[in-house]
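Structure, as structure tokens:
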Amino acid sequence: MSREQIFGNLRRGLKRGALDAEAVKKLEARIAAHEPNLIPQRSRTDHAGQVALFVKMAEAVSATVSRVADLETVPDVVADYLAKNNLPSTIKMSPDASLDRIPWSKRPLLEIARGRAVGSDMVSVTPCFAAVAETGTLMLTSSGDTPATLNFLPDNHIVVLHAKDVVGAYEEGFAKLRAREGKRDGTFMPRTVNFVTGPSRTADIELTLIMGAHGPRRLHVILVDDEAT
């Protein structure tokens, strides 16, 4: 069945005729406007309130959060987190330029490898495109510099999030993404956008909660305030 036949059947089912030029113009304007639907009231606050809400909601779903003043503190937080959880000092990190600003040499015992995760990697460190305060969710985009395997294969996922990248609702996250990559000028959206809310879990078997069922069993967010608006 051709594309036109499929759309023709849909129009007949909806009791609509063929689209005229005016109807097409209205639909294109509607698509271009990206009008949001209902936005939960709890996310409609100032930016400081959204950051606080993100922390609250993330911790409510078993993620842990360390809030730091600047990037200088990040290596110490990572090293302390590894020691606290009896984890090796070897980490697999995104080859993303934003992580190069972190002074990793402060903790020379950290062994850092860059690239995609493999099954033997225990700990990953990645940047974060945006975070949604409404549900405490991380919005992670894939690229050659941010391989999606780092979000799911290692048992322990450490995310470096800047407070300026916290938004209120999902719609604001997509608006931020379109502003960066979604223009119709030859650039394209990322191959995947992953929304991660807390560590992986399931209770499918006898309603017993199991962590790490299909992804990391621990999720730690390092929230950096240095560029907060």
Side-chain angles (χ1 to χ4, degrees), residues 54 58 63 65-66 68 70-79 81-82 87-108 110-132 136-167 170 172-200 214-216 218-229:
F54 168 78
V65 180
S66 294
V68 300
D70 51 49
L71 291 174
E72 293 287 325
T73 317
V74 171
D76 296 326
V77 173
V78 171
Y81 182 81
L82 298 179
L87 294 168
S89 59
T90 301
I91 59 177
K92 182 62 72 70
M93 189 164 71
S94 296
D96 187 81
S98 67
L99 299 179
D100 292 337
R101 298 162 51 202
I102 299 172
W104 297 107
S105 59
K106 284 183 61 181
R107 302 301 289 252
L110 288 176
E111 299 177 22
I112 299 174
R114 291 175 177 260
R116 292 176 295 176
V118 296
S120 59
D121 290 322
M122 296 269 307
V123 183
S124 64
V125 176
T126 73
C128 182
F129 176 75
V132 181
T137 297
L138 301 173
M139 185 176 182
L140 307 172
T141 59
S142 68
S143 71
D145 293 333
T146 54
T149 53
L150 293 169
N151 306 333
F152 302 109
L153 276 180
D155 251 5
N156 305 271
H157 186 193
I158 300 174
V159 177
V160 180
L161 167 67
H162 289 273
K164 69 180 180 61
D165 293 322
V166 175
V167 298
Y170 288 87
E172 295 167 48
F174 274 110
K176 176 179 166 68
L177 186 62
R178 283 192 297 269
R180 189 189 77 168
E181 298 191 66
K183 302 173 184 176
R184 297 184 181 182
D185 60 358
T187 60
F188 298 91
M189 300 288 273
R191 183 172 183 177
T192 61
V193 178
N194 296 120
F195 289 97
V196 174
T197 308
S200 171
H214 39 64
R218 295 190 188 97
L219 175 63
H220 187 64
V221 180
I222 303 176
L223 181 59
V224 185
D225 283 324
D226 61 349
E227 297 179 5
T229 55

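The chain is numbered in sequence order, starting from 1.
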Exercise. May I ask you to test the Val160-Thr126 pair for a side-chain heavy-atom distance under 4.5 Å?
Key: no
Self-check item: Validation row: Ile158, Tyr81 side chains within 4.5 angstrom (heavy atoms)
Solution: yes
Exercise. Name all residues meeting the side-chain contact (heavy atoms from CB on, under 4.5 Å) criterion together with Ala131; count only those two or more places apart in sequence or in a different chain, and write none if there are none.
Key: Phe54, Leu138, Leu161, Val166
Quiz item: With Arg218, which residues qualify under side-chain hydrogen bond (donor to acceptor under 3.5 Å, both in side chains), at least two apart?
Solution: Asn85, Asn156
Quiz prompt | Asp225 and His162, any side-chain heavy atoms less than 4.5 Å apart | solution = no
Exercise. Apply side-chain hydrogen bond (donor to acceptor under 3.5 Å, both in side chains) to Arg114 and list each qualifying residue two or more places apart in sequence or on a separate chain.
Key: Asp100
Quiz item: Do side-chain atoms of Trp104 reach the backbone of Glu111 as a donor and acceptor pair under 3.5 angstrom?
Solution: no
Practice problem: For a side-chain contact (heavy atoms from CB on, under 4.5 Å) with Ile222, tell me which candidate from Val65, Val74, Thr73 qualifies. | Solution: Val74
Practice problem: List in chain and number order the residues that pass salt bridge (charged side-chain N to carboxylate O under 4.0 Å, His left out) with Asp96, two or more places apart in sequence or in another chain; answer none if no residue qualifies. | Solution: none
Practice problem: Kindly write out the residues that satisfy side-chain contact (heavy atoms from CB on, under 4.5 Å) with Ala117, not counting sequence neighbours, or none if the list is empty. | Solution: Asp121, Thr149, Leu150, Leu153, Pro154
Self-check item: Derivation of the side chain to side chain contact (heavy atoms under 4.5 Å, CB included) call for His157 and Val221
Solution: CA-CA 8 Å; His157 186 193; Val221 180; over 6 Å; no
Self-check item: Gap separating the CE atom of Met93 from the CD1 atom of Ile112, nearest 0.5 angstrom
Solution: 4.5 Å
Quiz item: Taking all atoms of both residues into account, what is the closest heavy-atom pair of Ala148 and Asn194, and its distance?
Solution: CB-OD1, 4.0 Å
Quiz item: Can you tell which of Val196, Asn151, Thr197 makes a side-chain contact (heavy atoms from CB on, under 4.5 Å) with Leu219?
Solution: Val196
Practice problem: Mind checking ring pair (Phe, Tyr, Trp, His ring centres under 6.0 Å) for Phe195 and listing every partner two or more places apart, or none if nothing turns up? | Solution: Tyr170, Phe174
Practice problem: List for me each residue that meets side-chain contact (heavy atoms from CB on, under 4.5 Å) alongside Pro103, sequence neighbours excluded, and say none if there are none. | Solution: Glu72, Pro75, Lys106
Quiz item: Would you say the side chain of Ser124 lies within less than 4.5 Å of the side chain of Pro216, judging by non-hydrogen atoms?
Solution: no
Quiz item: So do Met139 and Leu177 actually touch side chain to side chain, heavy atoms under 4.5 Å?
Solution: yes
Quiz prompt | Any residue meeting side-chain hydrogen bond (donor to acceptor under 3.5 Å, both in side chains) with Ser89, in chain and number order, not counting sequence neighbours | solution = none
Quiz prompt | Working for side chain to side chain contact (heavy atoms under 4.5 Å, CB included), residues Arg107 and Val78 | solution = CA-CA 9 Å; Arg107 302 301 289 252; Val78 171; over 6 Å; no
Self-check item: Check: Leu223 and Val68 side chains under 4.5 Å, non-hydrogen atoms
Solution: no
Exercise. Take Leu110 and Leu82 through the test side chain to side chain contact (heavy atoms under 4.5 Å, CB included) and record every step on the way to the result.
Key: CA-CA 10 Å; Leu110 288 176; Leu82 298 179; 3.7 Å; yes
Quiz item: Which residues satisfy the side-chain hydrogen bond (donor to acceptor under 3.5 Å, both in side chains) test with Ser94, sequence neighbours excluded?
Solution: none
Quiz item: Hey, is the main chain of Val193 close enough, under 3.5 Å, to the side chain of Thr141 for a donor-acceptor pair?
Solution: no
Quiz item: Are any of the side-chain heavy atoms of Thr146 and Pro127 separated by less than 4.5 Å?
Solution: yes
Quiz item: Taking atom CZ of Arg116 as the centre, does the number of heavy atoms from other residues, nucleotides or ligands within less than 6.0 Å exceed 12?
Solution: no
